Amino acid sequence: MTIPQPGHPAAVPILALEGVLLVSLQGELYDGVAEQLQQDIAHRLAGSAVTGVVIDVSGVEIVDSFLGRVLAEIAAGARLLAARTVLCGMRPAVAITLVELGLTLPGLVTTLDVDRALDLLRRPAGAGPGVLEGGT
């Protein structure tokens, strides 16, 4: 586990917006911070009527297998707590790295930006192309 360096935030802010949790990842996400984010999202979902999670990774330049696993686990936990998860803003280099690492990120649907992610979560499950359905 990597220890955060001075000047790095201790936690990732989670914003609640119309029944959706919005998480914007910026820069390098240290292992302990990623684990704490996973726990924070689960607690927020369990204690509210939130039905969706948007994770914006547009500020992430480097991803490793640990972060990929944490993102997949966040989606799996959200699904168990009756919420859908959308990952948005992925840079091409990050997508290539995830493929090279063999990470498929089950349970995560992707969109190009936050607006599209929110639009997708506003649609009922099964209501047309690109709609989130159980684990896809």
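What you see is a predicted model; the values in this text were computed from it and never measured.
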Just verifying a value: how many Å separate [X] [atom1] and [Y] [atom2], rounded to the nearest 0.5 Å?
X	Y	atom1	atom2	value
Thr110	Met90	OG1	CE	6.0 Å
Ile14	His43	CD1	NE2	10.5 Å
Thr111	Leu87	OG1	CG	8.0 Å
Arg69	Ile74	CZ	CD1	11.0 Å

Is there side-chain contact between [X] and [Y], with heavy atoms separated by less than 4.5 Å?
X	Y	value
Leu120	Arg123	yes
Val86	Val53	no
Val54	Leu118	yes
Leu25	Val23	yes

If I compare all heavy atoms of [X] with all of [Y], which pair ends up nearest, and what's the gap?
X	Y	result
Ala34	Leu29	CB-CD2, 3.8 Å
Cys88	Ala117	CB-CB, 4.2 Å
Arg84	Leu121	NH2-O, 2.5 Å

Checking [X] now: which residues fulfil side chain to side chain contact (heavy atoms under 4.5 Å, CB included) with it, not counting sequence neighbours?
X	result
Ala72	Leu105, Pro106
Ala93	none
Asp113	Asp115, Arg116

**Report entry** salt bridge (Lys or Arg N to Asp or Glu O under 4.0 Å): pairs with one or both residues in residues 94-106, sequence neighbours excluded
**Finding:**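 Of all non-adjacent pairs touching residues 94-106, none passes salt bridge (Lys or Arg N to Asp or Glu O under 4.0 Å).
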
Query raised in the report: Do you reckon Val94 sits in the same ILVMFWY cluster as Leu112, going by side-chain contacts under 4.5 Å, direct or chained?
Result: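 Cluster IDs for Val94 and Leu112 differ.
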
Query raised in the report: When hydrophobic residues are tied together by side-chain contacts of less than 4.5 Å, even through go-betweens, does Val20 share a cluster with Leu80?
Result: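 The answer is no; the residues belong to distinct hydrophobic clusters.
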
Query raised in the report: Distance-only, no hydrogens or angles: does the Arg44 side chain make a donor-acceptor pair with backbone N or O of Leu21 under 3.5 Å?
Result: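 Not at all, since once roles are kept as given, no pair shorter than 3.5 Å links the two residues.
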
**Report entry** Under the salt bridge (charged side-chain N to carboxylate O under 4.0 Å, His left out) test, residues paired with Asp119 that sit two or more places apart
**Finding:**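 Asp119 satisfies salt bridge (charged side-chain N to carboxylate O under 4.0 Å, His left out) with Arg122 only.
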
Pair up each side-chain donor or acceptor in residues 56-68 with any protein partner under 3.5 Å, not counting sequence neighbours, and list the distances.
residue	atom	partner	partner atom	Å
Asp56	OD1	Ser58	N	2.9
Asp56	OD1	Ser58	OG	2.9
Asp56	OD2	Ser58	OG	3.3
Asp64	OD1	Phe66	N	3.3
Asp64	OD1	Leu67	N	2.8

Requested in this report: Report the C-alpha separation of Leu37 and Val70 in whole Å, then their side-chain angles, then the decisive distance to 0.1 Å, and conclude whether the side-chain contact (heavy atoms from CB on, under 4.5 Å) test is met.
Outcome: CA-CA 9 Å; Leu37 174 64; Val70 168; 5.9 Å; no

